[in-house]
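Only one structure is covered here, and it is reproduced in the block below.
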Amino acid sequence: MGLTVAEKLIAASLVAGEMKKGDRIGIHISQTLTHDVTGVMSYLELEAIGIKRVKTDLSVSYIDHNILQADYKNPDDHRFLMDITSKFGILCTKPASGICHQLHLERFAKPGKSLLGSDSHTVNAGGVGMLAIGAGGLDIAMAMAGEPFYVKMPEIIKVELTGELPLFVSAKNVILEILRQLTVKGGLNTILEYTGPGIKSLNVTERATICNMGAEVGATTSVFPSDEITRYWLKAQGREQDWIPISADDDAVYDRVIEINLSELEPLIALPHQPDNVVPVREVAGLDIDQVMFGGCTNSSLQDVMSIAHILNGKHVHGNVDTALYCGSRQVMVEAIRRGVIDNLVCSGVRIMEMFCGACNGMGFAPPTNGKSLRTGPRNFIGRCGTECASVYLVSPEVAAASAITGKITDPRDLSLPVWKYSMPANFSVDDSMFLRPKESFDNTPVRRGPNIRPLPELEAVPNQLTGETLIKLGDDITTDHIVPAGAHFLPIRCNIPEVSKYVFRVVDESFPERAKTAGGGFIVAGHNYGQGSSREQAALAPRYLGIKAVIAKSFARIHLANLVNFGLIPFVLVDEEDSHVFDPGDMLSIDTTELKQGAKYAVHNQTKGIMIPVETPLTQDELDIIRVGGRLNWIKLRNN
Ligand code: MIC
C-alpha cells in the first residue's frame, strides 16, 4: 500500500512504535525551535536534564515575543537566552530579528526533516514539506537532549485543493474555511495533508499560512508535498541544496477527505472569541472597527505586506482606525523597503512596528475598551489582545487592508481595486548577521540570570488518594489563554511560576488562585478540548503549583495533555460526558489513584452528592508512570540515578 507524505515524513524519523493510527510512536527530532516566552523554561529544563551539548542537527532560540522591554524582565531573559544557548551549541537570534516561524521557514526549514518547537504554530514549516510539530518546552528540552518525541500516530486527512484562489481571496481564507468545517476540536490527533491540482497555485509562504493555522483545529501538524515550488523557495533563500522531492504515492490511503475548490472561496472572517467562529465577510460587512493589525506568524510574509500596500496605495487609513504592521522578518522588511512599500504604508498612515509577534499575543497595540480589532494573526481568544472586553476578528491581509480604508469590516472585492498579482522574487536578500553562533564547546562561562528567572518548582509524586474541592467548573474549548493569560503584563513573568500562578484563570474567575491556595488545591472540571491553543507549559505547571490534583474533562487538546503529563497532573476523561452535570463548584471529590494503569477505569467519589462517577485516562502506561513520580523531570532524575 502506498504512503502519504505524512507517513513518509514520519517513517523517515520513526525510532519507536509502528505507524498504526492511535498507537504511540517515537520520532527522532532533527531540529528544535524555541522563543523567548517558552524558551527560558525550556533551557532551565535542559540544564536539569544534565546534558552539556544539544544532540540535534540544529537548535535555534528565537527572541520574538517579549520585545516590549518595559523593565528589566525581558532584557534579562534575552541575556539569559544568549548566554545559555551559546554553551549548549544553540543558535540564538538578536531581539526582533523576526517571528520564529517566518525566520525558520526562510533560513532552516527542510523538506523531509523533523522540527519540534515550543510554539503551537511550529507547524508553519509544513509549508516546505517538513514534519513540524508544536510541543511544550520540556518536550523540546528532551529532543535537544537526543530523546525521541512521543506522540499518538495521527489519522491523516487529505485536503484536496482544486481550482485557484480568486483575486483578493488569499491563502488565509483556505484555513478559515477548514476551521469553519472542522472547528477547533475537529483536527485532534490528525495531520492535514494538502494535495490536488490546487496546490500548484500556492507558493511556499501561502502554504505556510495554511499550515500555520492548522494548529487551531488541534491538528498534530499540517503538511504540503515538497515539489518544484518548494525548490523555488529554497533556491530563492540560497538553500537549494536543502531540497528533496516528497510526494504521496498514487495509491496512498487517507482516513478522511476534505475537498476545497479554491475558485469558490470568498473572503471569510473569524468572529470573537474563537478561530472557528467563521462566516463570510459580507455577512458582517459594515461593522465599525477601531483597529487593524497586519502581522502575526500566519500572515507576515513579503506577499502579505505587498498585498496590503497595493490595496492602501495612494489611500489613507480611516481616521477612526489605528493601524499597525509587523513584518515577519528583517528579510521581509528589507525587501519591502527596496520595493518602496514601507514608505507607501507610512504615507497611508500605517504604524510600522518592530519585527516580532507583537500585538498577536497582546505584546502592545492593545485595543481600546470594547474595541473591535481586525487582525491577520491566528488567534482571537478572549483577553489575548490585552483588553479583556475587546473583540478580535481574524481576517486575511486583503480584508484587513480594505477595512482599514473604510473604517468598517469590508470585502476587498467591493472596492473596485486594480488587479495585482504577487511574483515571488527569485532571490531574497539573505543576511544571517543577527543569528548569534554558539561557542565551539560547552564551557563554564556563567549564565546571567535575572531575578525574574526563578528555579523550576519542586514537584512531589502523586499520592494514592486525591482529595479536594471542585475549584472551578468550565465549559468547552478552554484555551491556554484562559488558563494563563497572554499579554504584555503576563508574558514577561512566564519563567516565574510563583508569580504567573497568581493569574491562573484570570479571564474567567480572578478569585481562583487565592481559593486554590486557601483550599490546599483541588480539582478543575471542564468540557471538551480543554487546553486548546498554545504550547505554553505554564498552563499545566501553574495550576500544579497551586495544588491542582487533576483535571476532569470531556476531552483534552493534544499539546496541553502532554504538558499535564510532563508536570504530573492527571487528566481524567469522563466515561459518560453527561456526568459532567453532576459536578458543581465546591463539591468535595476523592479519587483512589493507588493503581495508575493504562486502560483502567477510576471512580470519582463526589462526597458532597454521594455519587461515584466513572472516569478514565487517555494515557499510556509510560505516561502514567511519569505522572506517578510527579512529572517528567522527576522521572528523568530517577532514570539517571
Ligand atoms: C501563541 O501564539 O499563543 C503563542 C504566544 O505563540 C504561544 C506561545 C506561548 O504561549 O508561550 C504558542 O502558540 O505556543
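Read the numbers this way: they start at 1 and go in the same order the structure lists the ligands and their atoms.
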Query raised in the report: For D322, what residues pass the side-chain hydrogen bond (donor to acceptor under 3.5 Å, both in side chains) criterion, not counting sequence neighbours?
Result: R351
Query raised in the report: Mind checking whether Y326 and I99 have side chains closer than 4.5 Å, heavy atoms only?
Result: no
Query raised in the report: Tell me: protein heavy atom nearest atom 7 (C) of ligand 1, and distance?
Result: S534 CB, 3.3 Å
Query raised in the report: Do N380 and H273 have a side chain donor and acceptor closer than 3.5 Å?
Result: no
Report summary line: The atoms of ligand 1 lying under 4.0 Å from a heavy atom of T38, numbered in the order shown, are 9 (C), 11 (O)
Query raised in the report: Taking heavy atoms and a distance under 4.0 Å, where does D119 meet ligand 1: side chain, backbone, both or neither?
Result: both
Report task. Please indicate whether any nitrogen or oxygen in R494 is less than 3.5 Å from any nitrogen or oxygen in ligand 1. Result -> yes
Report task. Return the residue, atom name and 0.1 Å-rounded distance of the protein heavy atom closest to atom 10 (O) of ligand 1. Result -> R536 NE, 2.6 Å
Query raised in the report: Looking only at protein heavy atoms, which one is nearest to atom 13 (O) of ligand 1, and how far off is it?
Result: S120 OG, 2.5 Å
Query raised in the report: Is any side-chain N of the basic residue among R384 and D481 closer than 4.0 Å to the acidic one's carboxylate O?
Result: yes
Query - Short N-O contact, R449 and E47, less than 4.0 angstrom - result: yes
Query raised in the report: Can you check whether R379 has an N/O within less than 3.5 Å of an N/O in ligand 1?
Result: yes
Report summary line: Among non-hydrogen protein atoms, atom 2 (O) of ligand 1 lies closest to R384 NH2, 2.8 Å
Query - Aromatic Y150 / basic R24 pairing, under 6.0 angstrom, 45° off normal - result: yes
**Report entry** Under 4.0 Å to a heavy atom of H35 - the qualifying atoms of ligand 1, by number
**Finding:** 8 (C), 11 (O)
Requested in this report: Determine, using heavy atoms of Q538 and all atoms of ligand 1, whether some pair is separated by less than 4.0 Å.
Outcome: no
Query raised in the report: Got D77 and R494 here, is their nearest side-chain heavy-atom distance under 4.5 Å?
Result: no
Query raised in the report: Parallel, tilted or perpendicular: which fits the ring planes of Y62 and F108, with parallel below 30° and perpendicular above 60°?
Result: tilted
Requested in this report: Can you tell me which residue pairs pass the side-chain hydrogen bond (donor to acceptor under 3.5 Å, both in side chains) test with a partner in residues 558-567, sequence neighbours excluded?
Outcome: D139-N566, N566-R632
**Report entry** Numbered atoms of ligand 1 (with element) below 4.0 Å of H121, judged on heavy atoms
**Finding:** 2 (O), 13 (O)
Query raised in the report: Can you find an N/O atom of D481 closer than 3.5 Å to an N/O atom of ligand 1?
Result: no
Query - Close-contact set for ligand 1 against H65 heavy atoms, below 4.0 Å - result: 4 (C), 5 (C), 6 (O)
Query raised in the report: Polar-atom distance check: S118 versus ligand 1, any N or O pair below 3.5 Å?
Result: no
